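Contents: one structure, followed by commentary.
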Amino acid sequence: LGLGLFASPAGAAEIRVSAAASLTEALQEASAAWNAQGGEPIAFNFGASSLLARQIEEGAPADLFFSADEAKMDGLAAKELIDRKTRKSLLSNSLVLVVARERGAHVASPEDLLKPQVHAIALAETRSVPAGIYAREYLTRKGLWNRLSGRIVPTENVRAALAAVEAGNADAAIVYRTDALVSKKVAVAWEVPVSEGPGISYPAAVLTAAKNARGARAFLAFLESQAGTAIFRRHGFLVPR
Amino acid sequence: MLRIVHVELPLGEFPLFAHLDMESRVTAIVGPSGAGKTSLLETIAGFLTPRRGRIELDGEILLDAEAGRNVPPRARRVGYVPQDDTLFPHRTVRRNLTYASDAGRDSPAGEFDRVVAVLELEPLLERGISKLSGGERRRVAVGRALLSHPRLLLCDEPLAGLHPELKVRILSYLKRVREEFSIPMLYVAHDAAEVAMLADEVVALERGAVVGRGAAKSFAWSEGMNIRTARRPEPSAQP
Amino acid sequence: MLRIVHVELPLGEFPLFAHLDMESRVTAIVGPSGAGKTSLLETIAGFLTPRRGRIELDGEILLDAEAGRNVPPRARRVGYVPQDDTLFPHRTVRRNLTYASDAGRDSPAGEFDRVVAVLELEPLLERGISKLSGGERRRVAVGRALLSHPRLLLCDEPLAGLHPELKVRILSYLKRVREEFSIPMLYVAHDAAEVAMLADEVVALERGAVVGRGAAKSFAWSEGMNIRTARRPEPSAQP
Amino acid sequence: MTGFFSSEAAWTIWFTLRVAALATILMTPPALAVAWLLSRKTWTGKSIVETLVALPLVMPPVATGLILLKLLGRRGVLGPDLERLGIDVVFTWKAVVVAMMVMSFPLLVRGARIAFDDVNPRLEQMARSLGAGEARVLFTMTLPLAIRGIVGGLLLAFARALGEFGATVLVAGNIPWKTSTMSLAIYNFVQIGRDDRAWPLLAVSVTICFLAVWIGETVVSRRGRLV
Amino acid sequence: MTGFFSSEAAWTIWFTLRVAALATILMTPPALAVAWLLSRKTWTGKSIVETLVALPLVMPPVATGLILLKLLGRRGVLGPDLERLGIDVVFTWKAVVVAMMVMSFPLLVRGARIAFDDVNPRLEQMARSLGAGEARVLFTMTLPLAIRGIVGGLLLAFARALGEFGATVLVAGNIPWKTSTMSLAIYNFVQIGRDDRAWPLLAVSVTICFLAVWIGETVVSRRGRLV
Ligand SMILES: Nc1ncnc2c1ncn2[C@@H]1O[C@H](COP(=O)(O)OP(=O)(O)OP(=O)(O)O)[C@@H](O)[C@H]1O
Ligand SMILES: Nc1ncnc2c1ncn2[C@@H]1O[C@H](COP(=O)(O)OP(=O)(O)OP(=O)(O)O)[C@@H](O)[C@H]1O
Ligand SMILES: [Mg+2]
Ligand SMILES: [Mg+2]
């Protein structure tokens, strides 16, 4: 078990990107394209935005942070951990109300959530997880939050909320459109119009502690480029222009 | 009475092969180390299961290998004093002695006190087994077997390592047990005197087979078997 | 020579109190069950640490409670045959016998074969301990002690449960060991004949104290100590 | 306690203690049974059962959680039957107990199995020949003689139950005043960066663990005095 | 393997095996030492050490991970010193090993400690009086006689190392081709709803677990033949 065995393929000139788990597939595709045009290798670290933020606060090495919500980014900005000039809100997403594809509750609009046969509504943790925070914001704006709070089931994250609906133990869930598309067992009952919805945005920024800031900026630029945005669109994200 | 019919049990080098009827009340089993004495006793107790043969006690079949019948140790009601004591290490002396009666095998009233007195176990009753001397252990093992209200007693050198005086007292008690309750006894011993004192009959084992048998008094002790006659042995020590 | 000076060790009911010089080559220790024989041996071997007293072997101080000196068992070079064998269950007979020499305590050349021959252990050498009979265990324990190239042998009933014939052979070998290598020996036994044959001197323990002492031949065996003389004991069994 | 902790935190602590204890208790009989079978009987596919038992350790908790959800969910394998019986597991305290049981099961089984292996079968034989039935043998010989390993396993199991997070959050959700255990609460506080509120809870679980260890020690050594 | 699995999955499996094995190996000596001290020596604050050892079980993994991060992170307690030595742990395979070690340490310690407790001290005494030094006693008596418990503990520890997620993801991150273990990969696949890619990996870890169990069984029973 020579330690040499553990030498990672990526050498010194790599771009370390901490990104929200929900971006995994889009970003992997993007990095492939980026490499194809001769970009430096990318080392991703996928996880829950909040934990990624914690890692950065504790000085874990990263060049670029791609969060699933502004709050986390603000937190880092307040601690002077990101290079403000590079901060960009690249993507947006929309919330959807989903029910089980078979024998799902008859819900066609948020108001239908008040129906008595809707017992449980799965949301990602509404204090810490972006998707949950957005969903709460939306329900509050709709004046439904307080009337529904008894039925809310906070789950670890969006995926768990979907799993709850798939398993039939939640009658409905509010998740990102991108995640809803992935699951075959759920159907979109109602798509929150961007106008009504909360301002969902995925900010990205180069970190002040970045070892490879130049590379990070370059990759960020690539993600903004035509090629980059095309990929995100294909994965169901909205790209505000 | 105990009948052992063509019992065959594989051991290390050789098989144990036993075919005996024991009408006598106390049968002494003698034989060199590794002859199969313990194995024989454990077969009767049901700890070892022979490949062949039949064992009957008072007409009841305890084991019939051919017929596939095998009464479990629990139902054999045989009191066994193993060579290595096998006391229950997590129980006091008292709770070792009462184990059988707790399990529903009550001995006659007063028996407990009597046994404890004869074996001189009073001072030890509340002790843990790990705090006993070798001889004290032996006595507890004997007591435990006596208090299991058995139909048959199997004693594997019950008095090994006991002081002669005590030995005599215990022997005379065992004798009384045999007479009062007429419990037959199989008794492994090495000491001619001990055998002569207690046994009616002697069976000699060697390499797993019965090689000699006779009334205890008249039993032909091979040269040196009685240590007295062997004061000056030729140094047969060299290889 | 072994000197035990005012050694005091707390036991169950009573303390062990020993004060002895042993000039003789083989000292037999006799006494009723629970007298403290094993405790005495384990004190000399260093398994038990007395509260008071001193122990010297050939002038070297093994223990001096007052001076806080206590040579660890490892350095005492004492061969001990415990009453309960204490064989190494995870090693074969051979690797039990060679344990000491593996640890650097080599016996004289040829000793291994000689001991194995006398104790008749050849057929068992590659066996696991769990597959031995009681007497076979004893013999392995004796062999292991003999092969540890000791300055002093402590034998706690080494021949208990052995067949007279074999007993005689082993005794005569121990006798030879004592003469050839002049290894002094402490020997716990219950059999008058055994003692008479091997020992020069007898020490009687009772309730932890030395109550009698004398040359083996002339030793005054209390009534019944020699089982032969006790053929018809008055039934002292009733409580 | 409620003085220092918010009433919600106090509830969470008390709730966690009860479910963890309940899970450990409920788990013990089956775990001991499995351990006994593994130790005493030889049967084909033994290694397979052992593997199954060990799985909750090997799989990432989230996977275990998903599998449990697929089993107990209303659309799951057992779900419909449970629903017919009017038992609702998922997203209730029952789910917490189930998750804890599954996750700590392997620890008790291992501990007990090894302890059973080390019990000298001759003692059990002797007990039988003194007239003890199998039940008596079990309760007067096997279990007391294996107590060290069993207590050790119970400690690990209880500790694991207290710490369980991944599987619980999936099947039970993280519902304040309903299914939120200390681990879940701590996880949340860490996520929102409120370490100041996470530490006190952490301190509590450490204290509980200390008490458990200490009790275990005394139980074992109490028995030890005899042995 | 690479035929069926993507080269990334193949790498992940191989990587996980190596780090889990390495973690188990590195952990063994200290764990056995601690277990031995707990079993053989009596000292004040023993229960406290035992509690500390058990902590990684009791705390939610995320807390353990965070504490490790605060220790090893660049802004952490040891971080600066490590950095000066040119060792960076966080977000490297080293972090994975550390996390696995910390999380499975308690399992081995418990197992070994109980096994040591059950070793008959007279055997060790006898070995000494036959001239064996402490080292020889340890290697010829204590360890061989405790082998069952030790192997059992090693199994649990290795299994736990394979399954570890919560702490690893914090200190090591979930970096493909660098720190991503099977557990992390499975978690990530589940997150993005790609269960189809999670199951094969799960199957692999189950298989590995089975092999480990099976090897453990044979090792123990091999020794068993003599005892
Ligand atoms: N660990 C212990 N704790 C308390 N008392 C003990 C312990 N071990 C032995 N004893 C007591 O000390 C006394 C002496 O024990 P020892 O083993 O030395 O007797 P012994 O002379 O060897 O007897 P035996 O001939 O039966 O072996 C006995 O009364 C015994 O009950
Ligand atoms: N488990 C075992 N496996 C293989 N062989 C065994 C086993 N147990 C005993 N033996 C062998 O069977 C033979 C008889 O053993 P047994 O214990 O019956 O002898 P014994 O007559 O009681 O001898 P002793 O007087 O020394 O106790 C011995 O040669 C012994 O080596
Ligand atoms: Mg025998
Ligand atoms: Mg003794």
Side-chain angles (χ1 to χ4, degrees), chain A residues 1-3 5-10 14 16-28 31 41-48 50-52 54-62 79 81 124 128 156-160 162-163 166 175-176 178-186 209 211 235, chain E residues 7-8 11 14-15 17-26 62 65-77 79-80 83 88-97 165-166 168-180 184-185 187-197:
Chain A
L1 265 152
L3 302 193
L5 287 170
F6 291 96
S8 64
E14 64 179 356
R16 291 165 303 183
V17 179
S18 288
S22 50
L23 296 169
T24 304
E25 287 185 303
L27 280 178
Q28 276 172 340
S31 78
I42 311 271
F44 284 112
N45 171 31
F46 294 112
S50 47
L51 291 185
L52 295 176
R54 290 308 306 269
Q55 291 173 324
I56 291 163
E57 287 172 21
E58 301 300 337
K79 295 195 172 69
L81 290 170
S128 54
E156 185 190 357
N157 50 40
V158 173
R159 179 67 184 107
L162 283 169
E166 290 170 0
V175 299
Y176 290 130
T178 48
D179 295 295
L181 300 179
V182 174
S183 167
K184 290 143 217 68
K185 289 204 189 127
V186 302
K211 281 220 174 69
H235 284 273
Chain E
S7 64
E8 181 177 336
W11 179 88
W14 180 222
F15 173 73
L17 266 178
R18 285 176 310 172
V19 280
L22 183 62
T24 315
I25 292 165
L26 289 179
V62 66
L66 192 61
I67 291 170
L68 285 176
L69 200 54
K70 283 182 181 295
L71 278 178
L72 305 170
R74 202 175 300 147
R75 295 190 182 68
V77 182
E83 204 170 12
D88 66 4
V89 178
V90 174
F91 279 20
T92 68
W93 63 268
K94 301 192 198 74
V96 181
V97 175
F165 166 77
T168 311
V169 76
L170 259 166
V171 269
N174 177 13
I175 309 173
W177 294 105
K178 204 162 165 216
T179 65
S180 173
L184 270 56
Y187 181 84
N188 206 253
F189 285 136
V190 169
Q191 288 320 315
I192 62 177
R194 294 298 306 274
D195 299 12
D196 55 317
R197 295 182 60 187

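Below, chains carry the letters A, B, ... as their sequence lines are ordered, and counting in each starts from 1. Quick caveat, the model's predicted, so the values are computed rather than measured. Quick note: numbers below take in every heavy atom, side chains included, and nothing from hydrogens, waters or symmetry partners.
- Options E/Leu170, E/Leu66, E/Thr92 differ in how many heavy-atom pairs under 4.5 Å they form with chain A, and the most are formed by E/Leu170.
- A/Gln55 and E/Val169 make their closest contact through NE2-O, 2.8 Å (heavy atoms, listed as atom of the first residue, atom of the second, distance).
- Side-chain atoms of E/Gln191 and A/Thr24, non-hydrogen and from C-beta on, never get closer than 4.5 Å to each other.
- The minimum heavy-atom distance between E/Val190 and A/Arg159, with the atom names listed, is O-NE, 2.6 Å.
- Using a cutoff of 4.0 Å between basic side-chain nitrogens and carboxylate oxygens, A/Lys184 and E/Asp195 are not scored as salt-bridged.
- Here the straight-line distance linking atom NZ of E/Lys178 with atom CD of A/Glu14 works out to 4.5 Å at 0.5 Å rounding.
- Residues E/Leu69 and A/Glu57 fail the side-chain proximity criterion, which asks for heavy atoms closer than 4.5 Å.
- Judged by distance alone, with hydrogens and angles left aside, the side-chain atoms of E/Asn174 form no donor-acceptor pair with the main-chain N or O of A/Asn45 at under 3.5 Å.
- With a 4.5 Å cut-off on non-hydrogen atoms, A/Leu181 does not touch chain E at all.
- E/Leu72 does not touch chain A: none of its heavy atoms, backbone or side chain, sits under 4.5 Å away.
- E/Phe91 approaches A/Ala60 most closely through the heavy-atom pair CZ-CB, 3.6 Å.
- Here the CG atom belonging to E/Leu71 is positioned 10.5 Å from the CD atom belonging to A/Glu58, to the nearest 0.5 angstrom.
- Ranked by heavy-atom pairs under 4.5 Å with chain A, the first of E/Val90, E/Ile175, E/Thr179 is E/Ile175.
- Contact of E/Val62 with chain A is made through the side chain alone, with heavy-atom distances under 4.5 Å.
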